[in-house]
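Both backbone and side-chain heavy atoms feed into the values below; hydrogens, waters and symmetry mates do not. So that the names make sense, note that chain A is the first sequence line, chain B the second, and so on, each numbered from 1.
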Amino acid sequence: MQLFPCPFCGLRAEAEFHFATTAGRARPEGAPDDVAWARYLYGEDAPKGLTTEIWLHTTCGEYFLLTRNSLTRLITGSEALR
Amino acid sequence: MKRHSAFTLAQQALRGHKDWPQTWAKGTLKPKYDAVVIGGGGHGLATAYYLAKTHGITRVAVLEKGWIGGGNTGRNTTVIRSNYFYPESVALYDLALRLYEGLSRELNYNIMLSQRGMLIAAHTPAQMEICARIANAMQINGVDGRLMDAQEATRRVPLANQSADARYRLTGGIWQDRAGVARHDAVAWGYARAASALGVDIIENCEVIDIIVEAGCVTGVETTHGRVKTSALGLATAGATTGLTAPHGISLPIQTYALQAFVSEPVKPVLDTVLLYLGTGTYLSQSDKGELVIGGGLDRVPTHGKTGNLPMQEQIISGLLEMFPAFGQLKLLRQWAGVVDVVPDSSPILGPAGPKGLFLNCGWGTGGFKAIPAGGTLLAHMLATGGHHDISRPFDLTRFITGRLIDEAAGSGIAH
Ligand SMILES: Cc1cc2nc3c(=O)[nH]c(=O)nc-3n(C[C@H](O)[C@H](O)[C@H](O)COP(=O)(O)OP(=O)(O)OC[C@H]3O[C@@H](n4cnc5c(N)ncnc54)[C@H](O)[C@@H]3O)c2cc1C
Ligand SMILES: [Zn+2]
């Protein structure tokens with residue numbers, strides 16, 4: 001069992017966490033066309049290697065940014081979203 | 001290609017299996033092809049076969065970064081079925097099943113198709129209602145699915161836990177008679193052998209590093225063996241697809257996860273169907289050698305690494321023991337994982353993307369082994385004609401823009 005760092009609770013078992021989405025896709029401003037909107041909604045693109053993602057710590061209910069390597073599973077950063 | 005027959009099998013047996021001919025030729029890479037397929041899994045190899053066989057296009061290369069069938073095609077639990085919910089999906093998966101039914105003969109290679117039936121087992125009245133709905137959908141779509149009651153389900157799976165304190169007792173479920181299993185390696189090898197005999201070059205240990213695009217059209221690929229020219233490029237690279245498309249600005253709704261499987265030590269026959277429990281998410285079948293082949297849901301952490309994580313192992317195995325307490329004595333022989341390409345609506349992506357000449361066959365996620373003959377037929381059709389087949393059209397990437405998703409996440413009971 002891998003331990004994930006919650007910025008609020010510290011190291012906890014990975015099973016307490018829920019993956020939300022790849023971070024960094026900005027919500028399109030104004031009245032976006034369908035292509036821009038689809039890219040925002042669905043464009044995960046499964047990055048390989050270093051990636052920043054939004055995760056939920058289900059125990060405390062906080063969403064946060066997790067930086068990790070999607071190939072090796074090594075975690076390098078954890079940052080609160082607020 | 002020397003044809004296999006009962007006579008040649010007996011002849012080889014008498015000679016001590018010492019001079020079997022090479023199954024497929026080791027191709028040498030040429031500078032130019034009419035069509036190139038990236039990925040030597042089942043879908044890529046089937047595509048090459050149908051390009052040659054159906055469309056007469058034989059100047060074709062399959063480029064595989066490792067060895068053929070070494071990806072998910074050689075790592076899956078080999079369940080074949082067509083009990084899906086939506087007509088678009090049934091058209092796709094039942095085409096695959098019908099082709100599978102004739103494939104050993106067509107390829108002159110025994111894929112060991114065993115249509116032993118599959119039970120998706122329910123445990124509550126609410127699950128039985130869902131099963132009735134799916135069974136009805138299957139019948140409307142003309143597929144041989146039906147609702148099975150508790151009595152028949154118990155007779156089918158006599159070892160299932162039916163004790164008074166069982167957490168998940170059988171209340172019945174969905175039954176498909178034509179579902180079953182096949183030998184995964186044989187599907188890859190059979191297609192490779194037949195494609196190679198028709199002149200297709202199968203190049204192993206050849207990784208595609210980049211797609212070459214000029215003036216909005218595909219003109220070739222850059223590989224670890226040098227540059228190859230082509231104007232028709234098929235991608236059948238499963239979990240590795242986004243690595244090739246993202247640098248060209250093609251955004252795909254794909255997230256990759258590890259999916260794990262296990263086999264137990266071999267035992268005498270204990271289970272003669274494929275069984276999936278809706279309650280535990282664990283599914284299994286028994287191989288011809290007697291091993292139990294066990295699978296379950298996706299790992300919950302996205303990854304490109306081919307190792308499974310422990311929480312899901314625990315969940316799958318505890319599910320197995322809940323279903324069959326008697327299996328608590330068994331030893332596991334092996335555990336492994338594959339990297340699967342998961343899409344929000346659990347349906348594949350088939351169709352053009354980005355530059356002219358590029359076609360995708362991906363997004364099969366946890367369930368694309370059963371679809372190999374159809375995926376190959378459809379990608380070959382697109383590469384040969386430049387346009388969609390009626391069966392592939394609904395699975396076009398633009399469904400994520402129009403919102404016309406084909407959401408099979410519930411219809412398939414579990415992720416596959
Ligand atoms: C544990 C497990 C259990 C499963 N169980 C089932 C099941 O019971 N039933 C079912 O229907 N499906 C099942 N699946 C899903 C199924 O295995 C896949 O959907 C299917 O095999 C996909 O086939 P493919 O040919 O698209 O991909 P693959 O077989 O993965 O082939 C893709 C190939 O592309 C190659 N490649 C990747 N990148 C490059 C590159 N840049 N250059 C050259 N080559 C490249 C890879 O090496 C690989 O060989 C399971 C999967 C797993 C992992
Ligand atoms: Zn927390």
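With a 4.5 Å cut-off on non-hydrogen atoms, B:Leu405 touches chain A through its side chain but not through its backbone. Heavy-atom distances place both the backbone and the side chain of B:Pro302 under 4.5 Å from chain A. In this structure, the portion of B:Asp299 lying under 4.5 Å from any heavy atom of chain A is its side chain and not its backbone. Only the side chain of A:Phe4 comes within contact range of chain B, judged by heavy atoms closer than 4.5 Å.
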### Query
Going through the checks in order, is the salt bridge (charged side-chain N to carboxylate O under 4.0 Å, His left out) test met by A:Arg82 and A:Glu62?
CA-CA 9 Å; A:Arg82 65 183 171 100; A:Glu62 288 283 350; 2.3 Å; yes

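Distance alone, capped at 3.5 Å, places no donor-acceptor pair between the B:Thr73 side chain and the B:Gly41 backbone.
Counting all heavy atoms, side chain and backbone alike, B:Asn205 lies closest to B:His225 at O-NE2, 2.9 Å. For the residue pair B:Ala258 and A:Arg73, the shortest heavy atom distance occurs at CB-NH2, 4.3 Å.
The candidate from B:Pro311, B:Gly305, B:Ser251, B:Gly239 with the greatest count of non-hydrogen atom pairs under 4.5 Å with chain A is B:Ser251. Between chain B and the options A:Glu53, A:Arg39, A:Met1, heavy-atom pairs under 4.5 Å are most frequent for A:Arg39. Here B:Ile254 is the residue among B:Val339, B:Ile254, B:Thr245, B:Leu310 with the most heavy-atom pairs under 4.5 Å with chain A. For the set B:Val301, B:Thr241, B:Thr256, the entry with the most heavy-atom pairs within less than 4.5 Å of chain A is B:Val301.
Aromatic rings from A:Trp55 and A:Tyr63 are positioned such that their centres are separated by 6.0 Å or more.
Side chain to side chain, A:Glu44 and A:Thr21 meet the donor-acceptor criterion of an N or O pair below 3.5 Å.
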